[in-house]
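Each remark here refers to the structure printed beneath this line.
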Amino acid sequence: MKKILLLAAVLMAAVGLNAQTRKGEASVLGNLGYQSNYERFGLGVQGRYAIANNLRIAPDVTFFFPKDKVTGLDVNVNFHYVFNFSKDGQGFSVYPLAGFGMQNNFAGKRTMMVNGQEVKVDGDSTTKFAFNLGGGITLPLTSRSYLNAEAKFMFAQDDNMVLMLGYGYRF
């Protein structure tokens with residue numbers, strides 16, 4: 001076990017692991033993504049604030065477009081631990097994430113077939129709470145802007161995966 005840990009440490013040092021996410025850094029990120037369980041696309045916004053070196057809080061809100069007259073809104077608070085990989089100041093960063101979320105789905109009025117008869121059903125809303133696990137990668141474009149890709153699994157009554165691609169700006 002000690003040999004495996006030592007090998008992992010040597011490999012990480014060889015590729016230039018570098019701690020560059022500093023306490024107090026902030027950014028905002030616009031996202032476009034896909035939710036697997038409900039098979040729908042969404043638009044979101046995420047804020048990021050480094051609460052310690054390499055550790056940031058990342059609250060986000062995502063609106064999922066209606067599919068089969070069901071609209072979604074997810075609100076999450078995740079924590080990222082950032083690993084920066086760079087060579088001569090150019091590179092990328094990866095991060096695992098963990099956090100909590102709320103999934104809200106609103107079903108509009110609709111007509112359903114029950115025993116061969118059309119029945120009108122009123123709209124209703126459901127809210128479920130989730131535990132999030134996932135990760136992402138950030139690729140800087142300039143000193144202030146970057147591209148981001150993120151995947152997270154939301155463990156709730158209806159588990160699902162959310163894939164997001166986005167563009168961010170650092171302050």
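Defined by atom type and a distance below 3.5 Å, a donor-acceptor pair is missing between the side-chain atoms of Ser36 and Asn160. For the residue pair Asn148 and Tyr167, no side-chain donor N or O sits within less than 3.5 Å of a side-chain acceptor on the partner. For the residue pair Thr62 / Asp74, no side-chain donor-acceptor distance below 3.5 Å is found, with atom types taken as modelled. Counted by atom type alone, Tyr146 and Ser27 present one or more donor-acceptor pairs between their side chains at under 3.5 Å. In the model, Glu39 has no side-chain atom that pairs as donor or acceptor with a side-chain atom of Tyr34 under 3.5 Å.
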**Request:** Please lay out, stage by stage, how Val45 and Val28 fare under the test side chain to side chain contact (heavy atoms under 4.5 Å, CB included).
**Result:** CA-CA 7 Å; Val45 64; Val28 66; 4.0 Å; yes
**Request:** Check the pair Val82 / Leu55 against side chain to side chain contact (heavy atoms under 4.5 Å, CB included), numbers first and verdict last.
**Result:** CA-CA 6 Å; Val82 182; Leu55 180 64; over 6 Å; no
**Message:** With side chain to side chain contact (heavy atoms under 4.5 Å, CB included) as the criterion, how do Thr71 and Phe64 come out once you've worked through the C-alpha distance, each side chain's angles and the decisive distance to 0.1 Å?
**Reply:** CA-CA 6 Å; Thr71 304; Phe64 289 99; over 6 Å; no
**Request:** Evaluate side chain to side chain contact (heavy atoms under 4.5 Å, CB included) for Arg56 paired with Ile51, printing each intermediate quantity in order.
**Result:** CA-CA 5 Å; Arg56 65 182 174 218; Ile51 56 178; 5.8 Å; no
**Message:** Before you tell me yes or no, could you show the steps for Tyr95 and Asn84 under side chain to side chain donor-acceptor pair (under 3.5 Å), namely the whole-Å CA-CA distance, both residues' side-chain angles and the distance that decides it to 0.1 Å?
**Reply:** CA-CA 9 Å; Tyr95 57 90; Asn84 291 298; over 6 Å; no
**Request:** Could you check Asn37 against Asp159 for side chain to side chain donor-acceptor pair (under 3.5 Å), going step by step and ending with a plain yes or no?
**Result:** CA-CA 7 Å; Asn37 194 33; Asp159 296 343; over 6 Å; no
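Looking only at side-chain heavy atoms (C-beta outward), His80 and Glu150 come within less than 4.5 Å of each other. Inter-residue side-chain proximity for Phe131 and Phe100 is flagged as met; some heavy-atom pair is nearer than 4.5 Å. By the 4.5 Å heavy-atom criterion applied to side chains, Tyr169 and Leu141 are not counted as neighbours. Side-chain contact between Thr127 and Gln103: absent, with no pair of heavy atoms (C-beta onward) separated by less than 4.5 Å. By the 4.5 Å heavy-atom criterion applied to side chains, Tyr49 and Pro59 are not counted as neighbours.
Heavy-atom minimum distance, Asn78 versus Gly99: OD1-CA, 3.3 Å. Minimum interatomic distance between Leu133 and Ala98 (heavy atoms only, all atoms of both residues): CD2-CB, 3.9 Å. The minimum heavy-atom distance linking Asn31 with Gly166 is given by the pair OD1-CA, 3.5 Å. Here the shortest heavy-atom pairing between Gly168 and Leu29 reads N-CD1, 3.6 Å. Taking each heavy atom of Phe129 and Ala156 in turn, the nearest pair found is O-CB, 3.4 Å. Here the shortest heavy-atom pairing between Ala58 and Gln46 reads CB-CD, 4.0 Å.
Taken to the nearest 0.5 Å, the CG atom of Asp68 stands 12.5 Å off from the OH atom of Tyr38. For the atom pair OG (Ser125) and CG (Asn105), the distance works out to 7.5 Å, reported to the nearest 0.5 Å. Between the CG atom in Leu147 and the OG1 atom in Thr138 there is a gap of 9.0 Å [rounded to 0.5 Å].
Aromatic rings of Phe63 and Phe65 (six-membered ring for Trp) have centroids within the 6.0 Å cut-off, being under it. Two rings, from Tyr81 and Phe79, have their centers 6.0 Å or more apart.
Here the side chain of Arg40 pairs a donor or acceptor atom with the backbone of Val70 at under 3.5 angstrom.
Residue-environment remark: CZ (Phe153) stays at or below the threshold of 12 foreign heavy atoms within 6.0 Å. Counted within 6.0 Å of NZ on Lys69, heavy atoms from surrounding residues, nucleotides or ligands total 12 or fewer; the atom is thus considered open.
Salt-bridge check for Lys152 with Asp60: passed, with a basic side-chain N closer than 4.0 Å to an acidic carboxylate O.
Judged by the 6.0 Å and 45° rule, Arg144 forms no cation-pi pair with Phe171.
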